[in-house]
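Heads up, the thing below is written out as structure tokens.
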There are 2 protein chains.
Amino acid sequence: MNQLKEALDTLKDTGVRITPQRHAILEFLISSMSHPTADEIYKALEGKFPNMSVATVYNNLRVFREVGLVKELTYGDSSSRFDFVTTQHYHVICEKCGKIVDFHYPGLDEVEHLAAHVTGFKVSTHRMEIYGTCPECSGKEVH
Amino acid sequence: MNQLKEALDTLKDTGVRITPQRHAILEFLISSMSHPTADEIYKALEGKFPNMSVATVYNNLRVFREVGLVKELTYGDSSSRFDFVTTQHYHVICEKCGKIVDFHYPGLDEVEHLAAHVTGFKVSTHRMEIYGTCPECSGKEVH
DNA sequence: AAAATAAATTATAACAATTATAATATAAGA
DNA sequence: TCTTATATTATAATTGTTATAATTTATTTT
Ligand SMILES: [Mn+2]
Ligand SMILES: [Mn+2]
Ligand SMILES: [Zn+2]
Ligand SMILES: [Zn+2]
């Protein structure tokens, strides 16, 4: 139920200290319901933490990733985005405005198995994203 | 049959000048049968073109991408890799050594359609990769 | 509760991949 | 061959991220 409390328990269980900065970053990730970049988090919290270093944001996002609280979504040259992990899901991304929408779909187990069989890899995970144009951006088009 | 000739024709048809550097980069991409980074291409050709700028490699890879000759494979913070496009395929990537292996599998049309239906996006494409450990890296493990 | 110590934060510098800039060189058509 | 738009080069700039070292803070030990 209380996602923040659960996240803090995870930190405690894994021996990660709970600092005000970590608390605030987690709080923001959970409440924002989006997929912010490190810099967006940094800027969102600079009112509350005027002296927080951007390195702290990066460091803590890495810590959260390592204990499984967040997933890092990486894209070519641009900034990583961070997703507070609840359940397995994929993403649909707008090529016009960059919006990221959650997309629930069963995991592609069959594909993983075939890949393992064909290539001899020990498969651990996969990545899948859908790209296109969101309804808002489609609406703006000239007809 | 002759992939290089076809590629050069594509350049001619789209009004892109054929320079020795472009010729050499294409030749390397086709013959290497791998997924090199811009820097790997740059280093591979520095014998033949001691004065070639790394910017030339980047510029031309972008040109090739724009006319559909190559696909850019992007990964978080590390360098993009470039794939001379022949047929649609996916990639299996070793998390230990970084090796990239082609994996032929029918396109995930069903997933694209469902995503379009559920999110209202106009879907244009998708990305899918399998991660794991390659046979060589698995063999090296201590038992 | 105070002291000790291990970990986290900050400020800043460094880094690596990529792109921008401006001068020079060249491919391709007239 | 001449012309001109385009490409290349050398270099600087930019951006996202990580490393470093000093300072601060959370937790453990006394
Ligand atoms: Mn998500
Ligand atoms: Mn490939
Ligand atoms: Zn959009
Ligand atoms: Zn490997």
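Here is how names work: the chains are called A, B, and so on, in the same order as the sequence lines, proteins then strands, and each is numbered from 1.
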Tell me which of A:Ser80 and B:Ala55 sits closer to the 5' end of DNA chain D, going by the nucleotide each one is nearest to.
B:Ala55
Roughly, in whole Å, what's the span from CG in B:Asp39 to C1' in C:dA16?
10 Å
Rounded to whole Å, CD of A:Glu72 lies from P of D:dT17 at a distance of 7 Å
Donor-acceptor pair, side chain of B:Thr74 and main chain of A:Tyr75, under 3.5 angstrom:
no
Quick one: label B:Ala38 by what it contacts on the DNA or RNA (base, sugar-phosphate, nothing), any heavy atom closer than 4.0 Å.
nothing
Give one of base, sugar-phosphate or nothing for B:Thr37, where a contact means two heavy atoms less than 4.0 Å apart.
nothing
Nucleotide of C:dA8, D:dA10, C:dT10 approaching A:Val16 most closely (side-chain heavy atoms)
C:dA8
Testing A:Arg62, A:Arg65, A:Arg81 for salt bridge (Lys or Arg N to Asp or Glu O under 4.0 Å) with A:Glu72, which one passes?
A:Arg65
Whole angstroms only, please: what is the CZ-P distance between A:Phe49 and C:dT9?
10 Å
What's A:Asn60 touching, base or sugar-phosphate or nothing? Going by heavy atoms closer than 4.0 Å.
sugar-phosphate
Closest approach to the side chain of B:Arg17, judged atom by atom: which nucleotide of D:dT18, C:dT10, D:dA7 is it?
D:dA7
Checking the side chain of A:Arg22 only, and the main-chain atoms of A:Arg17 only, is there a donor and an acceptor separated by less than 3.5 Å?
yes
When you get a sec, tell me which of C:dT9, D:dG16, D:dT9 is the closest nucleotide to the side chain of B:Met52?
D:dT9
So which nucleotide from C:dT9, D:dT8, C:dT19 ends up closest to the side chain of B:Thr56?
D:dT8
When the distance from CG of A:Leu61 to P of C:dA8 is rounded to whole Å, what number comes out?
15 Å
Between NZ of B:Lys43 and C1' of C:dA17 the distance, given in whole Å, is 12 Å
Closest to the side chain of A:Arg62, out of D:dT18, C:dA27, D:dT8, is D:dT18
Under the side chain to side chain contact (heavy atoms under 4.5 Å, CB included) criterion, do A:Lys43 and A:Asp39 qualify, and how do the steps go?
CA-CA 6 Å; A:Lys43 289 208 164 66; A:Asp39 201 59; 2.6 Å; yes
If you round to the nearest 0.5 Å, how far is CG of A:Leu61 from OG1 of A:Thr37?
9.5 Å
Between B:Ser53 and A:Asn59, the residue closer to the 5' end of DNA chain C by nearest nucleotide is A:Asn59
In this structure, CG of B:Asn60 is separated from CG of B:Leu69 (nearest 0.5 Å) by 11.0 Å
Counting the atoms with a prime plus P, OP1 and OP2 as sugar-phosphate, which does A:Pro20 contact under 4.0 Å by heavy atoms, base, sugar-phosphate, or nothing?
sugar-phosphate
Taking atom P of C:dT12 as reference, at what distance in whole Å does atom OH of A:Tyr58 sit?
18 Å
Integer-rounded Å distance: D:dA7 P and B:Ile25 CD1:
13 Å
With the side chain of B:Thr19 defined as its heavy atoms from C-beta on, choose the nearest nucleotide among D:dT8, D:dT18, C:dA8.
D:dT8
Starting at OH of B:Tyr42 and ending at P of C:dA17, how long is that distance when rounded to a whole Å?
13 Å
Do any side-chain nitrogens or oxygens of A:Gln21 fall under 4.0 Å of OP1 or OP2 in C:dT10?
yes
